[in-house]
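Structure record follows, encoded as structure tokens.
Atoms within a ligand are numbered from 1 in the order they appear, just like the ligands themselves. This structure is a prediction, so every number in the text was calculated from the model and none was measured. Throughout, numbering of the chain's residues begins at 1 and tracks the sequence.
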Amino acid sequence: MTDLAPVITIDGPSASGKGTVAERVAVVLGFHFLDSGALYRLTALSAMKSGVALDDEVRVAGLAAALPASFHDGAVWLADENVSDAIRAEAVGEGASKVAALPAVRAALLDRQRAYRQAPGLVADGRDMGTVIFPDAVAKIFLTASAEARAERRYKQLIDKGNSASLPALVADMQARDARDTARLVAPLKPAPDALFLDTTRMDVESAVQAVLAHYALCHARNKM
Ligand code: DC
């Protein structure tokens with residue numbers, strides 16, 4: 001495994017800020033970045049567009065295996081369509097959480113995720129990056145925040161974009177999604193035993209980025225000993 005590019009995994013619940021933190025860490029280190037949640041969102045969007053029921057495991061897995069997804073020019077693409085905004089819709093997030101509970105869908109996306117591991121390194125953001133996809137990652141982080149803090153962050157994002165939103169509804173939605181992601185049988189959301197637990201309820205993005213970088217430096221040095 002020593003000739004493989006180093007991986008930093010950042011797992012955690014939705015709206016914990018891990019995507020922003022992971023992307024910033026990748027930029028600082030000059031590493032590649034994998035937003036694995038986007039692959040589940042693209043799978044859900046693809047099923048919704050083609051009229052495939054989100055619980056039709058065989059057909060959804062077929063879509064996941066052949067997903068014409070790419071990330072370039074600062075956007076997310078499904079074939080030649082820019083779906084950067086479409087995959088962030090609440091309905092698609094809901095759908096992603098449903099298709100992510102299907103074992104055949106997770107299996108269909110496994111190799112695609114591992115293929116992102118390329119020199120000089122990778123920062124992988126998701127739910128099972130440290131537990132299933134990259135169990136040999138050099139540094140693992142479990143990044144979380146209280147459901148109320150995460151709902152408040154999502155609320156601000158929605159209001160800033162000119163949407164209407166209800167904070168109590170968002171808290172309830174956050175708790176329901178956490179429950180589904182944590183309770184599912186395959187690759188449930190849980191910290192890897194060797195992950196650093198980072199609670200960002202009272203932490204800004206920059207402090208979280210610094211904490212991840214410090215942990216990586218420590219693990220990297222330990223690995224060399
Ligand atoms: O991180 P996100 O909100 O974009 O993820 C969307 C959904 O995909 C979320 O409900 C959980 C699921 N997911 C997963 O099961 N495993 C991953 N590695 C990433 C996301």
Side-chain angles (χ1 to χ4, degrees), residues 7-26 32-48 54-55 57 60-61 63-64 67 69 71 75-76 78 83-117 122-135 137 140-145 147 149-151 153-155 157-158 170 172-192 195 200 208:
V7 180
I8 301 173
T9 59
I10 305 187
D11 290 305
S14 43
S16 56
K18 67 189 161 39
T20 312
V21 172
E23 218 170 342
R24 292 272 282 274
V25 169
H32 300 280
F33 170 58
L34 166 63
D35 173 4
S36 62
L39 295 175
Y40 290 96
R41 286 173 181 269
L42 284 163
T43 302
L45 180 66
S46 178
M48 289 154 101
L54 295 175
D55 60 355
E57 185 163 4
V60 178
L63 289 173
L67 207 60
F71 300 82
V76 183
L78 197 54
V83 292
S84 310
D85 289 335
I87 61 161
R88 297 292 151 205
E90 285 301 305
V92 177
E94 269 294 299
S97 174
K98 286 181 186 150
V99 300
L102 306 173
V105 171
R106 305 199 73 86
L109 293 175
L110 193 83
D111 289 343
R112 186 190 288 257
Q113 294 176 80
R114 290 195 175 141
Y116 279 87
R117 182 178 205 164
L122 173 71
V123 182
D125 154 14
R127 303 291 189 290
D128 61 342
M129 297 296 100
T131 49
V132 177
I133 309 296
F134 302 110
K140 301 180 184 179
I141 287 95
F142 193 82
L143 198 150
T144 189
R150 288 182 285 125
R153 289 174 194 169
R154 181 62 51 88
Y155 180 81
Q157 280 171 356
L158 288 169
L170 283 171
D173 182 58
M174 210 60 78
Q175 287 166 338
R177 200 173 302 180
D178 286 355
R180 186 159 50 222
D181 291 342
T182 310
R184 70 171 178 233
L185 293 176
V186 249
L189 171 65
K190 64 163 192 232
T200 66

Set of residues that line ligand 1, where lining means a heavy atom lies under 4.0 Å from it: K18, S36, G37, Y40, R41, R88, A96, S97, A100, R106, G126, R127, D128, M129, R177, D181, R184

Residues in salt bridge (charged side-chain N to carboxylate O under 4.0 Å, His left out) contact with D173, at least two apart in sequence or another chain: R177

Any residue meeting side chain to side chain donor-acceptor pair (under 3.5 Å) with D11, in chain and number order, not counting sequence neighbours: none

Sidechain-backbone polar pair: K140 side chain, M129 backbone, donor-acceptor under 3.5 Å: no

Validation row: P103, E57 side chains within 4.5 angstrom (heavy atoms): yes

Distance-only check: which donor-acceptor pairs under 3.5 Å involve side-chain atoms of residues 86-94, not counting sequence neighbours?
from	atom 1	to	atom 2	distance (Å)
R88	NH2	D35	OD2	3.0
E90	OE2	R154	NH1	3.4
E94	OE1	R180	NH2	3.3

Side chain R127, main chain L189, donor-acceptor under 3.5 Å: no

